[in-house]
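Residue numbering restarts at 1 for every chain, and letters A, B, ... go by the order of the sequence lines.
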Amino acid sequence: MSEQRQTDVAETDESTSEKLVELAKRRGYFFQSSGAYGGVGGFYTFGPQGAALKGNVEDAWRDRFAVAEGNMEIDAPTIMPEPVFEASGHLDGFDDMLVECPECGESHRADHVVEDNTEYEDAESLPIPEVEDVIAEYELVCPSCDAGLAGQAVEAFNLMFATNIGPGDSDPGYLRPETAQGIFVEFPRLKEYARNQLPFGVTQIGRAYRNEISPRRSIIRTREFTQAELEYFVDPEEDEPPLERVEDVEVTLYPASEQNAEDGDEVRTTIGDAVDDGVIGSPWVAYFLGVAKPWYDAVGVDMDRFRFRQHLSGERAHYAADCWDAESEIDGNWIEMAGFAYRSDYDLSKHEEHSDDRFTIFKQYDEPQTVERAVVDPDMSYLGPEFGGDAQAVVQKLEELASRDRAAFDGETVEIVLEGESHELPVEKTGFAVEEQTEAGEHITPHVVEPSFGVDRLVYTVLHHAYSEDEVAGEERTYLDLDPEVAPTFVGVFPLQSDDELEAEARDIAAALRAEGLAVTYDDSGNIGRRYRRQDEVGTPFCVTVDYETVEADERSVTVRERDSTDQKRLPIDDLPETLSALRTGELEFEEL
RNA sequence: GCGCGGAUGGUCUAGUGGUAGGACCUGAGCCUUCCAAGCUCAUGGCCCGGGUUCAAAUCCCGGUCCGCGCACCA
């Protein structure tokens, strides 16, 4: 269907965006929240049409990335306690340090001021008091007006919304800045549910919150938004993606090498070739790019305005081996709609470190392995009196030494170094032994592949790419050529004109189609042309009109009008529910009627 | 957070120091046998708070929100 998609948008892209935002307000797609109270920045309400469209897009995502891939979906809370974000790094990493100039009042990123004027390279990782000290020590000045910044307070601005769990402030919590943590945190239980078998995937569709300094461009960058994320857990040594399913998928790639090149350009290739040529480093990332591309096409993203862009080394997190964004073109700008990252074991290791639970999977060997292992079992009745409070540290040193260098225990005595001081102790008191142990497997930390979709940006793209203008019978027309699968209203039902008999018949048909599970709107106001245009503007794919032939002829029939072509066909009423359902799923094309 | 520009019915807009018009939309009616037609009538507005002034939607200050640039984009 997309190859016929019209991109004959008149005038400039920018005015398309303006017209779309205006249409969205007027027709109930989306609009600014709390308008009655002056509005609030970065929050949008999806109106009746927008909520339905968004819901349909989410359903389509669920069908593809959860159901069709055999993954499980969860629904975690949006508020989680502070330790979760200490582990995830959001508490520190999400901080911006701001320092305000006492003269001109401008705020600057304190870490940037430091990095630009000293030899410090990673000022963001310094504690705030230290940044203040550095500013004083180097007598750094305001980049705008050269006034001295020494002595000015450096303020932390965290992009997470903070709250308190329960009364008082002893139990801080945060609104999640991404849905992913809700999955990672529950990994210990989810792995049980997956019967400890890798690979498995967990999806979540939900809200995330970021207290953006500067929300922009309507629903493109908001403070509350919806993500659809998949965390796919794999055994890095054994699991491989079923690339054969997607190897022929054609994609437009914009690799880092091309972005860095003088005359770099996008590359058209297939998933299979991109993996073979090493353009996409991670086969897992490649697989999900291959799944995502046809899906984006199906929900209505214009493939001529779509690409996958590789992250440059500078914008990639240090733990991410390879990362690609799905981007769509809006107003001549490319906006990020999804990120596909190979995150290694970073997230699970962090939670393993910070929590009491195990974020590993027990991986059984093909054959149990017998290994020799050097162990110690120190005589604490000797070590205790000898070393006092350091006894535990001595035990730890002995354990380390045994596993590292068992030859050290060959003599009568063994030497350990404790806080720079050397100690000798009799080997017989260490309980040193080499034991044979049988191991059935090992605990491994799975790696995770993360396709992370921004639902709001996708909805915006779908609307923007669907926005079309043409002429019908000499009259200008605006319509959204939304795919029937995601269109908020699927069919409009009208009486041809004011007439009790026609209206009654049309209402009956509308009720029958609703009973079929279709999204139906009934309209009998104004003339028929006006009603068609109304539905065109919200993107309703089909309209059914009851005329005098319907109520007078022997075989009762109605006209069905298609939105994009405005063509009409006559159909028997009895066939309507079945035919329209088939049109919705794409089993049937309008031309075939 | 800074800078620049903006804010008038649901939407788009005109406007002057003397409390507001238009178009579209919407509703009622007439007309109408398939594409925003016509006619009649109707609903509905100066972002918020201060200040100047006899008088402020208009001028000034502050705030909120929107757009753009800077910065930021986990």
Colleague: Rounded to the nearest Å, what distance is computed from the NZ atom of residue A/Lys25 to the P atom of nucleotide B/rG10?
Modeller: 11 Å

Colleague: Does atom CD of A/Glu336 have more than 12 heavy-atom neighbours, drawn from other residues, nucleotides or ligands, at distances under 6.0 Å?
Modeller: yes

Colleague: Tell which nucleotide pairs with B/rA14, taking only Watson-Crick or G-U wobble pairs whose two distances are both under 3.5 angstrom.
Modeller: none

Colleague: Between P on B/rG1 and CZ on A/Arg223, what's the gap in Å once rounded to a whole number?
Modeller: 9 Å

Colleague: Could you tell me whether A/Arg561 contacts a base, only the sugar-phosphate backbone, or nothing, with contacts defined as non-hydrogen atoms closer than 4.0 Å?
Modeller: base

Colleague: Whole Å only: how far is the CG atom of A/Asp564 from the P atom of B/rC35?
Modeller: 19 Å

Colleague: In terms of the nearest nucleotide of RNA chain B, which residue is placed more toward the 5' end: A/Asn527 or A/Asp499?
Modeller: A/Asp499

Colleague: It should be established whether A/Arg530 places a side-chain nitrogen or oxygen under 4.0 Å from OP1 or OP2 of nucleotide B/rU26.
Modeller: yes

Colleague: Are any of the side-chain nitrogens in A/Arg534 or A/Asp523 under 4.0 Å away from the carboxylate oxygens of its partner?
Modeller: yes

Colleague: Determine the contact category for A/Glu178: base if any of its heavy atoms lies under 4.0 Å from a base atom, sugar-phosphate if only primed atoms, P, OP1 or OP2 are that close, otherwise nothing.
Modeller: nothing

Colleague: How is A/Arg217 classified with respect to the nucleic acid when contacts are heavy atoms under 4.0 Å: base, sugar-phosphate, or nothing?
Modeller: sugar-phosphate

Colleague: Can you figure out which of B/rG27, B/rU32, B/rC34 approaches the side chain of A/Gln497 most closely?
Modeller: B/rU32

Colleague: Considering only B/rC34, B/rA36, B/rC12, which nucleotide approaches the side chain of A/Glu22 most closely?
Modeller: B/rC12

Colleague: How many whole angstroms separate atom CZ of A/Phe43 from atom P of B/rC66?
Modeller: 11 Å

Colleague: B/rU32 C1' sits how many Å from A/Arg531 CZ, rounded?
Modeller: 11 Å

Colleague: Would you indicate what A/Ser218 reaches in the nucleic acid, counting non-hydrogen atoms under 4.0 angstrom: base, sugar-phosphate, or nothing?
Modeller: sugar-phosphate

Colleague: Of the nucleotides B/rA71, B/rU33, B/rC35, which has the atom closest to the A/Arg221 side chain?
Modeller: B/rA71

Colleague: Partner lookup for B/rC39, please. Criteria are Watson-Crick or G-U wobble with both distances under 3.5 angstrom; report none if nothing qualifies.
Modeller: B/rG29

Colleague: From the options B/rU11, B/rC66, B/rC34, select the nucleotide whose nearest atom is closest to the side chain of A/Gln32.
Modeller: B/rC66

Colleague: Work out how far the P atom of B/rU58 is from that of B/rU53, and round it to whole angstrom.
Modeller: 16 Å

Colleague: Are A/Phe288 and A/Phe65 near enough that their ring centres are under 6.0 Å apart?
Modeller: no

Colleague: Tell me if the aromatic rings of A/Phe306 and A/Phe308 count as close, with their centers under 6.0 Å from one another.
Modeller: yes

Colleague: Quote, to the nearest angstrom, the P distance that separates B/rA28 from B/rC60.
Modeller: 45 Å

Colleague: Indicate, with a heavy-atom threshold strictly under 4.0 Å, whether A/Gly28 touches base, sugar-phosphate, or nothing.
Modeller: nothing

Colleague: At under 4.0 Å, does any side-chain N or O of A/Lys19 touch on OP1 or OP2 of B/rU11?
Modeller: no

Colleague: Is the distance between the ring centroids of A/Phe453 and A/Phe340 under 6.0 Å?
Modeller: yes

Colleague: For B/rC24 versus B/rG44, give the span between their C1' atoms, rounded off to a whole number of Å.
Modeller: 14 Å

Colleague: B/rC48 and B/rA7: how far apart are their P atoms, nearest whole angstrom?
Modeller: 14 Å

Colleague: Roughly, in whole Å, what's the span from CG in A/Asn333 to C1' in B/rG69?
Modeller: 13 Å

Colleague: Partner of B/rA55 by Watson-Crick or G-U wobble geometry, both contacts under 3.5 Å, or none?
Modeller: none

Colleague: Within a radius of less than 6.0 Å around CD of A/Glu86, do more than 12 heavy atoms belonging to other residues, nucleotides or ligands occur?
Modeller: yes

Colleague: Is there a Watson-Crick or G-U wobble partner for B/rG1 with both distances under 3.5 Å, and which nucleotide is it?
Modeller: B/rC70

Colleague: If we call it a pair only when both distances are under 3.5 Å in a Watson-Crick or G-U wobble match, what pairs with B/rC65?
Modeller: B/rG6

Colleague: Nearest to the side chain of A/Tyr548 - B/rC12, B/rG27, B/rU33?
Modeller: B/rU33

Colleague: Who is the Watson-Crick or G-U wobble partner of B/rA20, with both distances under 3.5 Å?
Modeller: none

Colleague: Can you tell me how far P of B/rG67 sits from CD1 of A/Ile220, to the nearest Å?
Modeller: 11 Å

Colleague: Contact class for A/Gln568 (heavy atom, under 4.0 Å): base, sugar-phosphate, or nothing?
Modeller: base

Colleague: Within this structure, what is the OH-to-P distance between A/Tyr479 and B/rC35, rounded to whole angstrom?
Modeller: 18 Å

Colleague: Taking OP1 and OP2 of B/rU26, is either one under 4.0 Å from a side-chain nitrogen or oxygen of A/Arg534?
Modeller: yes

Colleague: Please name the residue in the list A/Asp575, A/Leu571, A/Leu513 that meets the side chain to side chain contact (heavy atoms under 4.5 Å, CB included) test with A/Leu580.
Modeller: A/Leu513

